[in-house]
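Proteins come first, then strands; the chains are lettered A, B, ... in the order of their sequence lines, and each starts at number 1.
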2 protein chains.
Amino acid sequence: MNIGQAATASGVTAKMIRYYESIGLIEPPIRTKAGYRVYTAEEIHELRFIKRARTLGFSIEEARELLALWRDKSRASADVKTFAMKHVRDLETKIGELQAMSRTLRHLAQTCHGDDRPECPILADLALPDARQPPYEKKHGKAKTHADCTCDEADTFSSRH
Amino acid sequence: MNIGQAATASGVTAKMIRYYESIGLIEPPIRTKAGYRVYTAEEIHELRFIKRARTLGFSIEEARELLALWRDKSRASADVKTFAMKHVRDLETKIGELQAMSRTLRHLAQTCHGDDRPECPILADLALPDARQPPYEKKHGKAKTHADCTCDEADTFSSRH
DNA sequence: CTTGACCTTACCATTATGGGAAGCTCCATA
DNA sequence: TATGGAGCTTCCCATAATGGTAAGGTCAAG
């Protein structure tokens with residue numbers, strides 16, 4: 001199988017197959033005298049494995065570890081499970097973050113008239129002097145006092161539902 | 001305010017402030033004779049606006065558009081709302097994708113014994129010959145017949161957990 | 001004056017992927 | 001057989017947003 005066929009058979013583009021080879025995620029396949037890469041069924045299988053891992057949100061490095069576990073016929077399923085659950089937690093953390101963003105924006109949008117007047121709580125929130133934003137730690141109090149922002153009011157619309 | 005102070009005051013790193021300037025997201029501030037950037041309260045405010053937009057998941061380009069709307073005192077709040085809701089939809093699409101991944105993995109992990117035996121439905125699934133994966137369309141059926149994958153067994157561990 | 005914190009620019013790295021150019025190969029068909 | 005086009009090769013560039021580092025200038029305090 002040429003790289004093009006391998007690509008359609010695995011769902012990984014030819015570009016990516018070459019890339020995976022270049023970073024050592026897969027072994028360099030044999031070549032024809034002309035230099036064409038030739039893939040075995042085994043290798044296609046491996047590519048499909050990688051594709052599936054990527055589809056499930058594993059990074060390439062994580063896919064590398066999964067491949068290693070897959071190849072190691074004596075791995076303990078516990079190791080795989082632990083690895084998978086770690087990833088699930090990562091995914092859920094990310095989901096939580098996105099949901100927080102979505103929720104906040106939805107709230108703001110809800111209070112926005114959405115007509116042709118310029119007043120807009122969404123922009124107003126974005127322009128808020130601060131509050132609810134990650135606490136920016138001041139390092140060693142060097143900051144000239146003239147620096148304090150004269151902003152005051154703050155969380156006019158603050159997102160805590 | 002020097003860039004360092006601007007950074008702590010806005011929550012945007014000095015590195016990023018310079019970057020935003022380089023891509024024209026913010027205007028170049030005035031400089032001291034020594035070449036140090038000096039920021040006004042106005043500019044800090046703008047940086048905070050950007051920071052907040054980024055925190056809500058807007059891309060830099062989106063932040064640019066939001067800034068434009070913010071500066072345009074005659075914008076219609078409807079425009080802002082539309083923009084925000086579009087972003088909410090994007091966020092929710094992403095959330096849905098992540099949830100699908102998480103769900104799938106959770107299921108697999110559930111059926112995995114997680115002991116020291118090697119049998120693992122998670123790896124078995126990753127190694128599945130295909131199914132439920134995005135249908136890879138074959139382009140113009142050029143594929144040499146010798147190309148058909150002789151893969152058969154494939155799922156040595158398939159889900160018969 | 002020295003020292004240390006801070007500033008400047010410039011360059012490199014990251015993650016995963018796509019795009020394109022220049023040039024060779026393979027094969028079917030005219 | 002010659003040709004054309006699809007497909008292969010390598011190499012380089014770009015993306016998004018950020019971090020890191022190096023080499024060197026500056027500012028303020030001791």
Side-chain angles (χ1 to χ4, degrees), chain A residues 1-26 28-39 47 50-65 87 90 94 97 134 138-147, chain B residues 1-26 28-39 47 50-65 87 90 94 97 134 138-147:
Chain A
M1 261 193 179
N2 277 347
I3 201 170
Q5 269 108 46
T8 19
S10 67
V12 179
T13 65
K15 210 75 205 256
M16 280 300 105
I17 296 178
R18 293 195 196 95
Y19 174 64
Y20 291 163
E21 180 187 329
S22 84
I23 62 171
L25 180 59
I26 56 177
I30 58 168
R31 305 270 192 140
T32 63
K33 323 100 235 162
Y36 283 24
R37 288 173 179 80
V38 178
Y39 295 90
L47 282 169
I50 293 168
K51 173 68 178 183
R52 176 81 176 128
R54 298 280 304 118
T55 298
L56 288 175
F58 288 97
S59 72
I60 288 187
E61 285 316 306
E62 287 167 334
R64 195 192 293 275
E65 299 188 55
H87 183 52
D90 290 350
K94 190 54 170 264
E97 292 168 1
K138 300 202 135 59
K139 7 203 84 166
H140 40 72
K142 185 78 182 305
K144 302 281 152 49
T145 33
H146 85 270
Chain B
M1 261 197 182
N2 277 348
I3 201 169
Q5 269 109 48
T8 20
S10 68
V12 179
T13 65
K15 207 77 204 256
M16 280 300 104
I17 296 178
R18 294 195 196 96
Y19 174 64
Y20 291 163
E21 180 186 330
S22 83
I23 62 171
L25 181 60
I26 57 177
I30 57 168
R31 305 269 193 139
T32 63
K33 325 100 233 164
Y36 283 25
R37 289 172 179 79
V38 177
Y39 296 89
L47 283 169
I50 294 168
K51 173 67 178 184
R52 176 82 176 127
R54 299 280 303 118
T55 299
L56 287 175
F58 288 98
S59 71
I60 288 187
E61 284 317 305
E62 288 166 335
R64 194 193 294 276
E65 299 188 56
H87 183 53
D90 290 349
K94 190 53 169 268
E97 291 167 1
K138 300 204 137 58
K139 7 204 81 163
H140 41 70
K142 186 76 180 306
K144 301 285 150 49
T145 33
H146 86 269

Could you tell me the separation between the [atom1] atom of [X] and the [atom2] atom of [N], rounded to a whole number of Å?
X       : N      : atom1 : atom2 : result
B:Asn2  : C:dC7  : CG    : P     : 5 Å
B:Lys51 : D:dT18 : NZ    : C1'   : 11 Å
B:Lys33 : D:dC27 : NZ    : C1'   : 10 Å
B:Glu62 : D:dA17 : CD    : C1'   : 14 Å
A:Met1  : C:dC26 : CE    : P     : 19 Å
B:Gln5  : C:dC7  : CD    : P     : 7 Å
B:Arg31 : D:dT26 : CZ    : P     : 13 Å

- Message: Between B:Leu47 and B:Ile17, does the side-chain contact (heavy atoms from CB on, under 4.5 Å) criterion hold? Intermediate values first, please.
- Response: CA-CA 8 Å; B:Leu47 283 169; B:Ile17 296 178; 3.8 Å; yes
- Message: To the closest 0.5 Å, what do you measure between OG (B:Ser10) and CZ (B:Arg52)?
- Response: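 B:Ser10 OG to B:Arg52 CZ: 14.5 Å, rounded to 0.5 Å.
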- Nearest-0.5 Å distance, CD1 of residue A:Ile3 to OH of residue A:Tyr36: 11.5 Å
- Query: Between C:dG19 and A:Arg18, is there an OP1 or OP2 to side-chain N/O distance shorter than 4.0 Å?
  - Reply: no
- Query: Hey, does the side chain of B:Arg37 come within less than 4.0 Å of D:dT26's phosphate (OP1/OP2), counting only N and O?
  - Reply: no
Kindly give the atom pairs (protein nitrogen or oxygen, nucleotide nitrogen or oxygen) under 3.5 Å for nucleotides 15-18 of chain C.
| unit_1 | atom_1 | unit_2 | atom_2 | d |
| --- | --- | --- | --- | --- |
| C:dA16 | OP1 | A:Ile60 | N | 3.1 |
| C:dA16 | O3' | A:Arg54 | NH2 | 2.8 |
| C:dT17 | OP1 | A:Arg54 | NH2 | 3.2 |
| C:dT17 | OP2 | A:Tyr20 | OH | 3.0 |
| C:dG18 | OP2 | A:Thr13 | OG1 | 3.4 |

- Item | Full working for side-chain contact (heavy atoms from CB on, under 4.5 Å) between B:Val38 and B:Met1 | CA-CA 5 Å; B:Val38 177; B:Met1 261 197 182; 5.7 Å; no
I'd like to know if the side chain of [X] reaches the main chain of [Y], judged simply by a donor and an acceptor atom lying under 3.5 Å from each other, with no hydrogens or angles considered.
X       : Y       : answer
A:Lys51 : A:Gly11 : yes
A:His87 : A:Glu62 : no
B:Arg64 : B:Ile26 : no

- For DNA chain D, whose closest nucleotide is more 5', that of B:Tyr36 or that of A:Gly35? A:Gly35
- Does the side chain of A:Glu21 come within less than 4.5 Å of A:Arg37's, by heavy atoms?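 A:Arg37 vs A:Glu21: side chains touch.
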- Side-chain heavy atoms of B:Tyr19 within contact of B:Ile60, under 4.5 Å: yes
- Item | Inter-axis angle, terminal five-pair segments of the helix from C:dC1-D:dG30 to C:dA30-D:dT1 [nearest 10°] | 30°
